[in-house]
Amino acid sequence: SLVKSFFSANVIGVTSNAATLAGVAAFPEVDHITLAPVLSIPEPIPGVGEPKVNAIEWNVAKVRAPDAWARGFRGAGIVVANIDTGVRYDHAALVGKYRGNLGGGSFDHNYNWWDPSKVCGNPSNIPCDNNDHGTHTMGTMVGDDGGANQIGVAPDAKWMACKGCESGNCSTFALLECGDWILAPWNLAHASPDPTKRPHIVNNSWGGGPGDAWYSAVVTNWRNAGIFPAFSNGNAGPGCGTSGSPGDYPQSFSSGATDINDNIAGFSSRGPSAFGPVKPDIAMPGVNIRSSVASGGYSSFNGTSMASPHTAGLVALIWSAFPTLVRDVANTEKKLRPATQILNTAAACGGDGPRTHPNNAFGGGRGDAFRAINFFDVYTNQANYQAGDQFKTWISITSPQAAPLSADLYLFLRTPSNIQTFPLGNVVIAPGTKLYDVPIANGIAPALPAGGYVWAAVAVGPGQDPMNAANHLSLDIAVFRAP
């Protein structure tokens with residue numbers, strides 16, 4: 001018999017015969033025995049190239065990561081990981097971001113690489129990728145070759161990787177061992193685990209069918225350790241209730257896939273989750289995504305596997321902008337969920353209507369880095385209103401620095417006919433402030449004049465003119481329409 005224990009899920013893996021397993025089941029300490037599932041990475045669907053924006057891939061520009069970069073937030077100080085097929089560590093777009101890169105051509109793979117099944121060698125001391133998938137997802141998180149290939153959302157973040165997927169399949173034991181390693185990475189000798197070397201964020205572009213709780217304890221323990229759990233939502237769309245596990249867990253943050261025009265991809269799995277919540281949590285570009293591959297070159301793939309790394313990269317940008325949110329997963333979700341462009345669908349999954357938000361196709365909408373890095377936010381419960389709809393608007397404030405910040409706060413509402421100004425006065429934002437979902441409007445929508453409406457949340461220095469863009473310390477915009 002082969003026996004392996006795992007601390008991230010209080011699980012013992014046993015490979016043996018039926019008689020032995022029956023004997024194990026008789027122990028009172030054993031809650032239950034289940035057949036180990038075989039998970040997979042979705043077979044990458046080849047994509048086609050899309051136009052770049054000044055060497056920046058369309059998808060990176062679409063989520064407005066360059067707007068965060070322009071403010072100085074590029075993921076510095078944050079470590080991302082993936083559980084995937086491995087990573088070509090010396091790829092031109094990735095080698096400079098690898099935490100194991102000591103400079104001068106020297107590398108230390110201890111605590112930065114683990115291969116439970118020893119696919120890359122025995123011992124498996126050097127990262128490899130025998131599939132392209134892991135190199136591709138890592139590229140979307142952090143990739144940048146310093147030239148014509150700006151493929152990553154958070155190019156100043158560092159990366160580490162665990163090879164939980166032997167090829168196109170991912171064995172249960174390898175995924176559980178990676179779950180342990182993410183919590184407390186160990187060295188190449190599988191010794192001296194050190195939780196201080198755990199990543200901040202882990203991307204998981206793999207999964208299985210809906211409603212399988214086998215990995216639930218691992219995800220919960222990651223969250224408890226301050227590790228943000230990003231998951232793909234699955235490629236089983238367009239049917240309702242197709243969100244795959246573990247992405248369909250309430251404690252997982254899953255991403256659906258959109259195209260260059262913000263249409264939901266036909267393959268993108270829909271909610272609701274078998275566990276109850278709306279899924280996905282968010283939508284991100286996942287069609288024709290060009291990123292790094294194991295050959296050392298670049299290829300375009302389709303899939304929610306390609307969407308989730310955008311979310312991981314966006315969290316890295318948020319955490320580099322707001323130190324008070326680092327490892328605070330619950331409040332990071334509160335900051336992230338409304339930082340979107342709200343999108344709707346005619347599909348009625350989970351009882352969704354054409355104006356329902358969040359919904360079981362796009363979740364909270366397509367992620368937007370520009371909105372995510374503002375410290376004074378405004379957001380609505382819908383993007384389109386008809387008379388009789390519930391009309392809600394909220395604000396939030398997140399401390400952007402280690403010292404108190406004095407700012408004058410304003411809300412503006414632009415209607416089809418005028419601009420209304422609502423001064424909120426001066427506030428001193430104390431370090432550590434995390435104030436979310438403060439209601440400022442809650443009622444029944446009247447028959448509004450048709451056209452576009454815009455809420456703007458503006459913060460300026462004390463006494464400064466909020467109409468002068470040069471004075472803006474924070475600017476967030478929420479757009480909605482009346483038919």
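Partners of Tyr436 according to the ring-ring contact (aromatic ring centres under 6.0 Å, His included) rule, which considers only residues two or more places apart in sequence or in another chain, do not exist here. With sequence neighbours left out, Trp222 forms a ring-ring contact (aromatic ring centres under 6.0 Å, His included) with Tyr215. In this structure Arg198 satisfies the salt bridge (charged side-chain N to carboxylate O under 4.0 Å, His left out) test with no other residue, sequence neighbours excluded. Every residue was checked against the ring-ring contact (aromatic ring centres under 6.0 Å, His included) condition with His357, not counting sequence neighbours, and none meets it. The salt bridge (charged side-chain N to carboxylate O under 4.0 Å, His left out) search around Arg88 returns Asp90, not counting sequence neighbours. The salt bridge (charged side-chain N to carboxylate O under 4.0 Å, His left out) test applied to Asp108 returns no partner, not counting sequence neighbours. Taking Tyr453 as the reference, Phe480 meet the ring-ring contact (aromatic ring centres under 6.0 Å, His included) condition, with sequence neighbours excluded. Remark: Asp132 pairs with no residue by the salt bridge (charged side-chain N to carboxylate O under 4.0 Å, His left out) rule, at least two apart or across chains.
Among pairs with a residue in residues 468-483, those fulfilling salt bridge (Lys or Arg N to Asp or Glu O under 4.0 Å) read Arg371-Asp476, at least two apart in sequence or across chains. Sorted by first and then second residue, the disulfide (SG to SG under 2.5 Å) pairs involving residues 247-303 (not counting sequence neighbours) form an empty list. The disulfide (SG to SG under 2.5 Å) analysis of residues 277-382, with sequence neighbours excluded, yields the pairs Cys240-Cys349. Residue pairs meeting the disulfide (SG to SG under 2.5 Å) criterion with at least one member in residues 269-308, sequence neighbours excluded, do not occur.
Residues Tyr410 and His472 place their aromatic rings such that the two centres sit no closer than 6.0 Å. Aromatic ring centres of Tyr89 and Phe107 lie closer together than 6.0 Å. Between Tyr249 and Phe275, the distance separating the two ring centers is shorter than 6.0 angstrom.
The pair Arg355-Asp389 meets the salt-bridge criterion, with a side-chain N (NZ, NE, NH1 or NH2) lying under 4.0 Å from an Asp/Glu carboxylate O.
Ring planes of His200 and Trp319: perpendicular class, angle over 60° (limits at 30 and 60°).
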